Amino acid sequence: MTSLLPGTDIRVSGVCLGCWQFSGTVDTPDATWGTMDQKAANEIVAKAIDEGVNFFDTAEGYGNHRSEEVLGEALGSRRRSEGLVIASKFGRFSAGGPHQFTELDIEQSLEASLRALKTDCIDLYQVGKLSCTYHALVKYHQSVFGRSRAAQFLPGRKHGPMSTNR
């Protein structure tokens with residue numbers, strides 16, 4: 001069973017597989033999840049798809065794009081052929097604390113996520129940590145058009161999707 005993601009034309013399963021656990025490597029284990037190799041991630045993603053999940057959530061901040069890389073590899077050609085939906089987020093904190101994101105930062109984050117996921121479009125691109133000016137957010141919404149089917153502010157979930165509905 002699928003439903004529309006509010007404010008968009010994107011159909012998603014009732015369950016979304018969060019992919020933070022894909023971020024740890026043997027050399028750099030994730031503090032919460034430990035390690036995950038590609039084979040195990042492939043099996044988790046394949047099982048989720050077999051059970052009817054079409055919605056996958058990741059973020060640039062999960063292992064410095066590692067979760068996105070692993071998810072992109074695991075989805076492979078099934079991404080388009082089976083209508084799989086990817087949500088990702090930008091806005092991680094830098095080592096020195098919160099960072100005030102500019103339009104250029106947002107653009108670079110989006111490009112890095114697209115490369116990591118091996119795709120030309122992220123279905124739902126979200127602001128994970130709101131640390132940017134309103135002007136940057138307006139530019140963000142304009143910049144993701146064509147490479148994202150929906151954009152969303154997350155903090156407090158007050159704003160809802162800013163649909164680009166292409």
Side-chain angles (χ1 to χ4, degrees), residues 1-6 8 10-99 101 105-132 140 144 147-157 161:
M1 184 175 104
T2 63
S3 58
L4 286 175
L5 191 63
T8 74
I10 302 170
R11 290 213 155 270
V12 295
S13 53
V15 172
C16 176
L17 178 65
C19 299
W20 182 8
Q21 71 273 18
F22 298 166
S23 64
T25 66
V26 172
D27 295 331
T28 312
D30 181 80
T32 302
W33 294 100
T35 63
M36 171 80 60
D37 65 20
Q38 187 67 55
K39 182 177 183 284
N42 291 350
E43 291 169 0
I44 290 168
V45 168
K47 179 66 171 171
I49 294 169
D50 290 347
E51 294 295 326
V53 173
N54 81 330
F55 191 21
F56 300 86
D57 176 72
T58 187
E60 68 171 4
Y62 301 166
N64 194 26
H65 294 283
R66 167 123 170 96
S67 173
E68 292 174 328
E69 291 168 354
V70 171
L71 178 61
E73 184 70 28
L75 294 176
S77 63
R78 295 178 85 171
R79 160 104 162 98
R80 296 278 186 227
S81 66
E82 297 185 35
L84 304 177
V85 177
I86 297 174
S88 193
K89 298 170 280 303
F90 82 89
R92 64 184 170 174
F93 285 84
S94 61
H99 176 74
F101 291 94
D105 293 326
I106 296 167
E107 178 70 21
Q108 289 172 341
S109 290
L110 175 61
E111 289 297 328
S113 290
L114 290 168
R115 278 191 307 277
L117 286 158
K118 298 178 185 155
T119 190
D120 62 352
C121 179
I122 295 171
D123 300 293
L124 176 62
Y125 195 52
Q126 305 159 100
V127 180
K129 300 262 192 269
L130 189 55
S131 181
C132 48
Y140 148 73
V144 300
R147 292 173 293 166
S148 170
R149 291 173 32 196
Q152 183 178 52
F153 302 121
L154 284 181
R157 311 275 196 290

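Just so it is clear, the model here is predicted, and its values are computed rather than measured. In what follows, residues are counted from 1 in the order of the sequence shown.
- In this structure R78 satisfies the side chain to side chain donor-acceptor pair (under 3.5 Å) test together with E82, sequence neighbours excluded.
- The shortest non-hydrogen separation linking C19 to L71 is SG-CD1, 3.9 Å.
- No donor-acceptor pair closer than 3.5 Å links the side chain of D57 to the backbone N or O of W20.
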Mind running side chain to side chain contact (heavy atoms under 4.5 Å, CB included) on I10 and V12 for me, showing each step along the way?
-> CA-CA 6 Å; I10 302 170; V12 295; 3.9 Å; yes
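- With salt bridges taken as basic N to acidic carboxylate O contacts below 4.0 Å, none links D120 and R79.
- In this structure E73 satisfies the side-chain contact (heavy atoms from CB on, under 4.5 Å) test together with Q38, K118, sequence neighbours excluded.
- Taking NZ of K89 as the reference point, atom OG1 of T58 lies at 6.5 Å (rounded to 0.5 Å).
- Summarising the geometry, atom CG belonging to N64 is positioned 10.0 Å from atom OG1 belonging to T28; distances are rounded to the nearest 0.5 Å.
- For the residue pair E68 and S88, a side-chain donor N or O sits within less than 3.5 Å of a side-chain acceptor on the partner.
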Determine all donor-acceptor pairs shorter than 3.5 Å in which one atom belongs to a side chain in residues 44-51; sequence neighbours excluded.
from : atom 1 : to  : atom 2 : distance (Å)
K47  : NZ     : E51 : OE2    : 3.1

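- Side chains of E60 and S113: no donor on one and acceptor on the other come within 3.5 Å.
- With rounding to the nearest 0.5 angstrom, the CZ atom of F55 is 10.5 Å from the CD1 atom of I86.
- Centroid-to-centroid, the aromatic rings of Y125 and F90 come within less than 6.0 Å.
- Put simply, the side chain of N54 never gets that close to the backbone of V85: no donor and acceptor are under 3.5 Å apart.
- When side chains are defined from C-beta on, F56 counts as touching L75, because their heavy atoms get closer than 4.5 Å.
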Give the C-alpha distance, both sets of side-chain angles, the deciding distance and a yes or no for side chain to side chain contact (heavy atoms under 4.5 Å, CB included) between R80 and C121.
-> CA-CA 11 Å; R80 296 278 186 227; C121 179; 4.0 Å; yes
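- Considering all non-hydrogen atoms of both residues, V70 and A41 come closest at CG1-CB, 3.3 Å.
- Listed here is the closest heavy atom pair of V15 and V53: O-CG1, 3.5 Å.
- In this structure, CZ on F22 lies 8.5 Å from CG on N42, to the nearest 0.5 angstrom.
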